[in-house]
Protein chains: 2
Amino acid sequence: MDLAEPAIDVHTHYVPGGWPQLDCADAPWLRVETESEAMLMFGTQEFRRIQSTCWDAEHRLADMDADGVSVQVVSPTPALFGYHRPAAEAARLARIFNDLALEICAPAPQRLLPFCQVPLQDTDAACTELERCLAAGHAGVEIGNHVGDRDLDDAGIATFLQHAASLAAPVFVHPWDMPSSPRLDRWMGQWLTGMPAETHLSILALILGGVLDKVGEDLRICFAHGGGSFALWVGRLDNAWRERNDVLGTSQHEPSHYLGRFYVDSVVFDERALRLLVDTVGVERVLVGSDYPYPLGERPAGAVVRRSTFLDAAERGKILHGNAETFLGRTGEGSR
Amino acid sequence: MDLAEPAIDVHTHYVPGGWPQLDCADAPWLRVETESEAMLMFGTQEFRRIQSTCWDAEHRLADMDADGVSVQVVSPTPALFGYHRPAAEAARLARIFNDLALEICAPAPQRLLPFCQVPLQDTDAACTELERCLAAGHAGVEIGNHVGDRDLDDAGIATFLQHAASLAAPVFVHPWDMPSSPRLDRWMGQWLTGMPAETHLSILALILGGVLDKVGEDLRICFAHGGGSFALWVGRLDNAWRERNDVLGTSQHEPSHYLGRFYVDSVVFDERALRLLVDTVGVERVLVGSDYPYPLGERPAGAVVRRSTFLDAAERGKILHGNAETFLGRTGEGSR
């Protein structure tokens with residue numbers, strides 16, 4: 001695979017290599033097993049085995065060099081959002097992790113761009129933490145796609161999005177907290193079908209809840225995993241918007257009108273799927289994302305973009321790096 | 001729109017215009033409001049307002065003539081499956097509705113092909129009712145995509161699928177009984193994101209549960225609504241199958257190997273989405289479906305197939321009627 005043209009990967013995750021002991025219920029901690037391997041724990045529960053790629057800049061940079069990646073956006077691992085916790089506790093957790101993210105990215109500030117997390121259950125606290133992080137060197141914010149029963153159209157979350165737009169902070173939306181059931185709890189069903197459905201539902205909420213009618217076009221928002229299943233179902237949604245009273249008139253325009261108002265990443269693995277994204281949300285709105293360093297991710301990052309024959313060189317360049325420069329607000333700056 | 005080439009619509013629904021009073025909990029009944037309108041009730045609950053298109057062959061045939069549809073598969077409305085009921089009660093309900101479906105279709109036996117319902121919670125009873133219906137004139141069977149926590153890989157359901165294959169009965173799988181939550185219970189979320197996710201999950205179960213390894217290639221099975229979100233995520237699934245122990249080795253081959261083993265309908269409303277289906281499951285495996293006569297359906301049936309410019313005439317013919325002839329087992333017969 002030709003890796004000469006560098007990619008900007010807007011969808012990667014980190015977990016710090018350690019942090020102060022937290023005094024809260026089901027506190028996250030790291031059970032270090034070897035120099036390069038650890039178990040992310042919540043209280044006594046094993047959550048996920050992780051490698052030093054999660055916290056070691058040298059390891060990440062070596063993988064980036066091998067994969068043709070110039071820049072990574074380094075975002076929190078959603079399990080650590082803490083939106084279900086008391087707000088003050090989540091705010092404290094966010095501050096600790098956000099400061100550690102800066103440390104992880106410090107060895108290569110031009111190549112590793114930290115995105116912060118915020119206590120989204122408390123709008124004021126979330127806005128405050130975002131401001132603190134942007135001042136400290138974060139390049140944007142990752143949020144979960146919902147807070148319990150509150151979706152992206154919730155008044156508090158919409159206010160946060162508006163605030164991020166006013167600060168020119170790009171927002172990366174990641175699905176998390178997927179429903180569980182005996183049918184979904186097999187074969188990674190929560191990840192394989194749950195995550196795409198979660199993101200699909202949250203884009204519905206953003207549109208039908210009128211958020212894109214209220215929030216200005218200066219909001220730069222990107223959805224993980226190709227925007228979930230949304231692109232496949234925008235026609236069904238338009239039809240419902242026209243035909244069904246339950247949906248009619250919820251947004252000012254029919255849902256497909258809002259295509260172009262949000263970005264999606266490219267981590268769909270399949271050229272046919274990528275083509276749907278490009279044809280639907282637009283070639284200016286698809287960015288490389290990989291889900292690095294987790295095993296459901298794509299290696300090398302952007303492989304599907306590099307090998308897709310339906311793209312010409314200019315389109316491929318947009319998806320590999322040009323659109324990400326716009327999303328990140330780096331256009332014309334060269335580098336940050 | 002040029003409607004000269006006739007379409008076979010494999011995805012339509014009926015509700016009888018009346019039936020004997022049922023002595024069971026939350027019994028379905030029809031509150032007739034005018035000659036052409038009624039409310040489908042469950043006990044004291046209003047479920048859906050329906051029109052005489054649901055039960056009146058003349059009305060259906062007029063719409064078919066206007067829409068360029070030569071043949072409709074006439075399937076149950078999933079809310080009436082009764083899989084949550086005691087098996088004997090569901091079997092009785094199935095017999096009543098299946099016999100009424102024959103009456104509805106009787107005025108045009110070459111154009112209205114009834115698909116039966118079965119009490120899928122009881123494998124023996126389901127096989128028995130399928131046999132009875134095929135002998136009485138049904139052309140196939142519609143099933144829901146799950147029975148409570150049992151998905152399509154459940155031993156009893158797999159046995160039923162094998163039995164349908166042995167009887168050469170086509171099987172149409174429709175999502176139903178979608179999860180409910182405050183976020184899903186707005187804006188038809190259960191229909192707009194829930195249904196595509198349900199079908200996606202059930203195709204996962206069919207593949208990863210090894211059903212397609214066990215059941216022969218004589219099983220003719222079709223999934224409603226384009227197969228849900230499956231086509232968009234087959235690359236993510238293949239990657240998980242290769243990389244994650246939780247999924248590894250569950251099916252004999254990687255999931256994309258089984259593309260070609262099932263049909264999907266065309267009711268995705270959007271040329272870009274239809275192209276993904278054709279490119280992924282194959283041009284021989286996409287059939288016209290419309291969801292007639294419900295308002296989330298497509299009118300005229302197959303409009304997206306007729307207007308899609310990426311199809312040549314031969315491909316369009318396959319999707320409009322050729323593939324349906326194969327699915328229905330009518331190849332070479334002219335008509336049934």
Side-chain angles (χ1 to χ4, degrees), chain A residues 146 148-151 153 179 181-184 186-189 191-198 200-202 204-205 208-209 225-226 228-240 243-247 250 256 267-277 279-280 295-298 304, chain B residues 146 148-151 153 179 181-184 186-189 191-198 200-202 204-205 208-209 225-226 228-241 243-244 246-247 250 256 267-277 279-280 295-298 304:
Chain A
H146 67 109
D149 291 335
R150 299 159 59 194
D151 214 321
D153 62 306
S181 77
R183 291 172 59 225
L184 280 161
R186 309 183 297 169
W187 307 314
M188 309 196 72
W191 281 258
L192 293 171
T193 77
M195 279 189 158
E198 277 293 321
H200 182 185
L201 183 59
S202 288
L204 234 72
L208 299 181
H225 314 112
S229 300
F230 181 82
L232 182 52
W233 298 110
V234 66
R236 182 171 167 89
L237 177 57
D238 273 0
N239 181 64
E243 302 290 337
R244 290 297 300 242
N245 289 333
D246 333 42
V247 182
T250 41
S256 59
V267 62
V268 291
F269 298 92
D270 185 297
E271 172 165 359
R272 301 163 293 195
L274 182 67
R275 181 173 196 153
L276 174 75
L277 300 186
D279 287 352
T280 305
L296 278 185
E298 184 190 51
V304 66
Chain B
H146 67 109
D149 291 334
R150 299 159 60 193
D151 213 321
D153 63 306
S181 77
R183 291 171 58 226
L184 280 161
R186 310 184 296 170
W187 307 315
M188 308 196 73
W191 281 259
L192 293 172
T193 76
M195 280 190 158
E198 277 294 320
H200 182 187
L201 182 59
S202 288
L204 233 73
L208 298 181
H225 314 112
S229 300
F230 180 82
L232 182 52
W233 298 109
V234 66
R236 181 170 167 90
L237 177 56
D238 273 359
N239 181 66
W241 189 87
E243 301 290 335
R244 291 296 301 240
D246 334 40
V247 182
T250 40
S256 60
V267 62
V268 291
F269 298 92
D270 185 297
E271 173 166 357
R272 301 163 292 196
L274 181 67
R275 180 173 198 153
L276 175 75
L277 301 185
D279 287 351
T280 305
L296 278 185
E298 183 189 51
V304 66

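Letters go in sequence order (proteins before strands), and every chain restarts at 1.
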Student: Flag the one option from B:Asp270, B:Leu274, B:Val268 with the top tally of heavy-atom pairs under 4.5 Å to chain A.
Tutor: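 Greatest number of close heavy-atom pairs with chain A: B:Val268.
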Student: Who among B:Ala197, B:Ala231, B:Gly228 has the most heavy-atom pairs with chain A under 4.5 Å?
Tutor: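 Max contact count across the listed options: B:Gly228.
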Student: Measure distances from A:Asp153 to the heavy atoms of chain B and classify the residue's part below 4.5 Å as side chain, backbone, both or neither.
Tutor: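 The side chain, not the backbone.
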Student: May I ask you to name which of A:Arg150, A:Arg272, A:Glu298 has the most heavy-atom pairs under 4.5 Å with chain B?
Tutor: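 Ranked by heavy-atom pairs under 4.5 Å with chain B, first place is A:Arg272.
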Student: Can you name the nearest heavy-atom pair linking A:His146 to A:Asp151, along with the distance?
Tutor: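 Looking at all heavy atoms of both residues, the closest pair is CB-CA, 4.3 Å.
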Student: Please report the interatomic distance OG1(B:Thr250) to CE(A:Met188), rounded to the nearest 0.5 Å.
Tutor: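 Output value for this atom pair is 11.5 Å.
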Student: What option among B:Ser202, B:Pro196, B:Ser256 has the most heavy-atom pairs under 4.5 Å with chain A?
Tutor: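 Top option by heavy-atom pairs under 4.5 Å: B:Pro196.
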Student: Say you draw a straight line from CZ of A:Phe230 to CG of A:Leu277; how long is it, rounded to the nearest 0.5 Å?
Tutor: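 The CG atom of A:Leu277 is 11.5 Å from CZ of A:Phe230, to the nearest 0.5 Å.
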Student: Looking only at heavy atoms and a cut-off of under 4.5 Å, which of B:His200, B:Glu271, B:Glu243 has the most pairs with chain A?
Tutor: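 It is B:His200.
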Student: Name the region of A:Val304, side chain, backbone, both or neither, that has any atom closer than 4.5 Å to a heavy atom of chain B.
Tutor: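 Looking at A:Val304, nothing touches chain B.
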Student: Measuring heavy-atom distances to chain B, does A:Trp187 have an atom under 4.5 Å in its side chain, in its backbone, in both, or in neither?
Tutor: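 Interface part for A:Trp187: both.
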Student: With a 4.0 Å cut-off on N to O distance, would you call B:Arg275 and A:Asp279 a salt bridge?
Tutor: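 So B:Arg275 does not pair with A:Asp279 through a salt bridge.
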Student: Measuring from atom CG of A:Asp149 to atom CZ of B:Arg186, what distance do you get when rounded to the nearest 0.5 angstrom?
Tutor: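 The distance works out to 9.5 Å.
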Student: Considering only heavy atoms, which portion of B:Ser229 lies under 4.5 Å from any heavy atom of chain A: side chain, backbone, both, or neither?
Tutor: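 Answer is both: backbone and side chain atoms of B:Ser229 are under 4.5 Å from chain A.
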Student: Is it the side chain or the backbone of B:His225 that comes within 4.5 Å of chain A heavy atoms, both, or neither?
Tutor: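 Both parts, backbone and side chain.
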Student: Could you give the distance from CG (A:Leu192) to CG (A:Leu296), rounded to the nearest 0.5 Å?
Tutor: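 Here the rounded value is 6.0 Å.
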Student: Just so I understand: if I count every heavy-atom pair under 4.5 Å between each of A:Asn239, A:Leu232, A:Val234 and chain B, which residue has the most?
Tutor: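 Heavy-atom pairs under 4.5 Å are most numerous for A:Asn239.
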Student: Donor-acceptor check, side chain of B:Arg236 to backbone of A:Trp191, threshold 3.5 angstrom: yes or no?
Tutor: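 Here the side-chain-to-backbone pair exists.
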Student: Working to the nearest 0.5 angstrom, can you tell me the gap between B:Leu204 CG and B:Trp233 CH2?
Tutor: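 Reported value, rounded in 0.5 Å steps: 13.0 Å.
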